S.K.: 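I have a structure I would like to understand better, so I am pasting it below and will then ask my questions one at a time.
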2 protein chains.
Amino acid sequence: MNTTDYIREKGLKATPVRLKALELLQSGARAWSHTELEAGFSKVDRITLYRVLKDFEEAGMVHKIIDMDGVTRFAVCKHSCPHSTHSEDHVHFNCRKCHKMFCMDNVHIAPIQLPAGFTQIGVNTLIHGICDACN
Amino acid sequence: MNTTDYIREKGLKATPVRLKALELLQSGARAWSHTELEAGFSKVDRITLYRVLKDFEEAGMVHKIIDMDGVTRFAVCKHSCPHSTHSEDHVHFNCRKCHKMFCMDNVHIAPIQLPAGFTQIGVNTLIHGICDACN
DNA sequence: ATATTAAACGCAACACAATTGCATTTAGTT
DNA sequence: AACTAAATGCAATTGTGTTGCGTTTAATAT
Ligand SMILES: [Mn+2]
Ligand SMILES: [Mn+2]
Ligand SMILES: [Zn+2]
Ligand SMILES: [Zn+2]
């Protein structure tokens with residue numbers, strides 16, 4: 001399915017900012033910060049971009065992750081992600097050199113045993129190290 | 001060892017703000033945000049508090065964690081934590097109800113197998129759910 | 001006890017991320 | 001082509017964290 005139809009299918013209008021933002025998010029196979037995305041446009045209103053990212057997130061098109069530096073990042077949801085059942089439990093990798101963040105969908109994490117009284121809803125595993133490109 | 005001596009042992013002057021901040025951090029067995037700590041004082045300069053927290057962190061007295069909402073939090077280091085070998089790899093638990101964060105030093109996490117090319121330096125595991133008090 | 005001084009403090013200013021309100025424009029529809 | 005709800009662009013505001021600088025103070029030396 002093309003970008004325009006995908007946005008429309010999610011109940012959103014296919015506007016220029018949304019099309020470009022989605023194309024950027026779908027490229028590079030990584031999680032993008034607002035600043036990185038903004039730099040990918042020749043010209044964009046940063047408030048509009050904030051709202052587009054929020055719209056995408058609410059539509060279940062992207063998920064938000066806070067990286068090791070506290071920077072908010074967005075990555076496309078690879079499997080179909082209805083907002084309710086949206087699982088963000090996959091591992092994220094943050095490179096100490098280039099500071100890029102990657103979603104590691106194929107990395108398996110073992111279930112965690114919590115102390116009595118604590119109930120788990122979800123888990124965010126954030127690994128930091130050196131990525132393949134920087135190695 | 002008392003609070004004053006502990007601060008001095010780390011090479012810092014035992015000032016009123018530092019004493020109070022450390023007492024707050026040592027109480028409650030959880031990770032405190034700047035805002036929460038500030039509220040624990042009857043009167044404190046917020047810039048001074050930022051600097052005290054930075055000093056504590058650099059001295060290896062506390063470690064910094066970003067919680068599920070992107071809020072920066074500080075928790076006392078339970079075992080002796082020289083800054084160089086300081087391990088922050090223990091699990092953190094963030095409550096969806098009260099938004100408090102806890103360090104789970106006794107929770108074991110299995111080692112993670114990364115794809116070829118990626119080298120791991122450390123890992124931050126952040127579980128979200130409902131804490132014992134809220135359950 | 002008093003003097004000394006490097007460290008810590010308090011305040012103003014600044015930088016940056018993110019949100020809200022509102023008037024204008026536009027995508028999708030009739 | 002006309003309509004309208006949604007999206008945009010801009011200004012203003014909030015929140016978090018940092019930096020510079022003059023003043024005060026904790027720890028030390030006399
Ligand atoms: Mn991801
Ligand atoms: Mn901790
Ligand atoms: Zn890298
Ligand atoms: Zn709770």
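Letters A, B, ... are given to chains in the order of the sequence lines, protein chains preceding strands, and every chain is numbered from 1. In this text, all values refer to a predicted model and were calculated from it rather than measured experimentally.
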S.K.: To the nearest Å, give me how far apart CD (B:E58) and C1' (C:dA7) are.
M.R.: 14 Å
S.K.: Within the distance-only criterion (no hydrogens, no angle test), does the side chain of A:R18 pair as donor or acceptor with the backbone N or O of A:K13 below 3.5 angstrom?
M.R.: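 Present.
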S.K.: With nearest nucleotide decided by heavy atoms, which residue, B:L12 or A:K13, maps closer to the 5′ end of DNA chain D?
M.R.: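 Nearer the 5' end of the strand: A:K13.
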S.K.: Mark yes or no for whether A:H34, through its side chain, and A:T72, through its backbone, hold a donor-acceptor pair below 3.5 Å.
M.R.: no
S.K.: Closer to the 5' end of DNA chain D via nearest nucleotide, is it B:R51 or B:T4?
M.R.: B:R51
S.K.: Just the rounded figure in Å: distance from P of C:dA27 to CZ of A:R18.
M.R.: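 Distance, rounded to whole Å: 11 Å.
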S.K.: Can the ring centres of B:H63 and B:H92 be said to be less than 6.0 Å apart?
M.R.: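 Between B:H63 and B:H92, the centre distance is under 6.0 Å.
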S.K.: Mind checking whether B:F56 and B:F74 have ring centres under 6.0 Å apart?
M.R.: no
S.K.: In whole angstrom, what separates B:D55's CG from C:dA7's C1'?
M.R.: 10 Å
S.K.: How long is the line joining CZ of B:F41 and C1' of C:dG10, in whole Å?
M.R.: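 Rounded to whole Å, this separation is 14 Å.
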S.K.: Let me test you: for the helix from C:dA1-D:dT30 to C:dT30-D:dA1, what is the angle between the axes at its two ends (five pairs each), rounded to 10 degrees?
M.R.: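 Taking five pairs per end, the axes differ by 30°.
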S.K.: Could you go through the side-chain contact (heavy atoms from CB on, under 4.5 Å) check for B:V76 and B:M61 one step at a time?
M.R.: CA-CA 6 Å; B:V76 287; B:M61 296 163 65; over 6 Å; no
S.K.: Should A:K100 and A:E36 count as an ion pair when the cut-off is N to O under 4.0 Å?
M.R.: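 No, A:K100 and A:E36 are not salt-bridged.
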S.K.: Regarding B:T15, tell me which of base, sugar-phosphate or nothing describes its non-hydrogen contacts under 4.0 Å with the strands shown.
M.R.: sugar-phosphate
S.K.: Taking A:M68's backbone N and O only, do any of them form a donor-acceptor pair with A:N94's side chain (distance below 3.5 Å, no angle check)?
M.R.: yes
S.K.: Rounded off to whole Å, could you give me the NZ-to-P distance for the B:K54 and C:dC9 pair?
M.R.: 14 Å
S.K.: What nucleic acid atoms does A:V17 come within less than 4.0 Å of, heavy atoms only: base, sugar-phosphate, or nothing?
M.R.: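 Sugar-phosphate, backbone atoms only, no base.
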S.K.: Which is more 5' along DNA chain C, the nucleotide nearest A:V71 or the one nearest B:D45? Just name the residue.
M.R.: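 Result of the comparison: B:D45.
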S.K.: Quick check for you: name the first and last nucleotides of DNA chain D, 5' to 3', having an atom under 4.0 Å from a heavy atom of chain B.
M.R.: D:dT16 to D:dA27
S.K.: Whether the side chain of A:W32 engages the backbone of A:L24 through a donor-acceptor N/O pair (distance < 3.5 Å, no angle test) should be reported.
M.R.: yes
S.K.: Under 3.5 Å, is there a donor-acceptor pair between the side chain of B:R73 and the main chain of B:A31?
M.R.: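 Pair found, side chain donor or acceptor close to backbone of B:A31.
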S.K.: Round to the nearest Å and state the distance from B:L19 atom CG to C:dA8 atom P.
M.R.: 13 Å
S.K.: Contact class for B:R46 (heavy atom, under 4.0 Å): base, sugar-phosphate, or nothing?
M.R.: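 The answer is base, as B:R46 lies within the cut-off (heavy atoms under 4.0 Å) of a base atom.
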S.K.: Evaluate whether atom CG of A:N106 has more than 12 neighbouring non-hydrogen atoms of other residues, nucleotides or ligands under 6.0 angstrom away.
M.R.: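 Counting neighbours around CG of A:N106, 12 or fewer heavy atoms of other residues, nucleotides or ligands fall under 6.0 Å, so no.
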S.K.: Please pick, from C:dA17, C:dG28, C:dA6, the nucleotide with the shortest atom-to-atom distance to any side-chain atom of A:A14.
M.R.: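 Ranking C:dA17, C:dG28, C:dA6 by closest atom to the A:A14 side chain puts C:dG28 first.
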S.K.: Distance check: side-chain N/O of A:T35 vs OP1/OP2 of C:dA17, anything under 4.0 Å?
M.R.: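 A:T35 to C:dA17 OP1/OP2: side-chain N or O found under 4.0 Å.
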S.K.: Between C:dA18 atom P and A:R73 atom CZ, what is the distance in whole Å?
M.R.: 11 Å
S.K.: What integer distance in Å separates A:W32:CH2 from C:dA17:C1'?
M.R.: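 Going from CH2 in A:W32 over to C1' in C:dA17 covers 19 Å.
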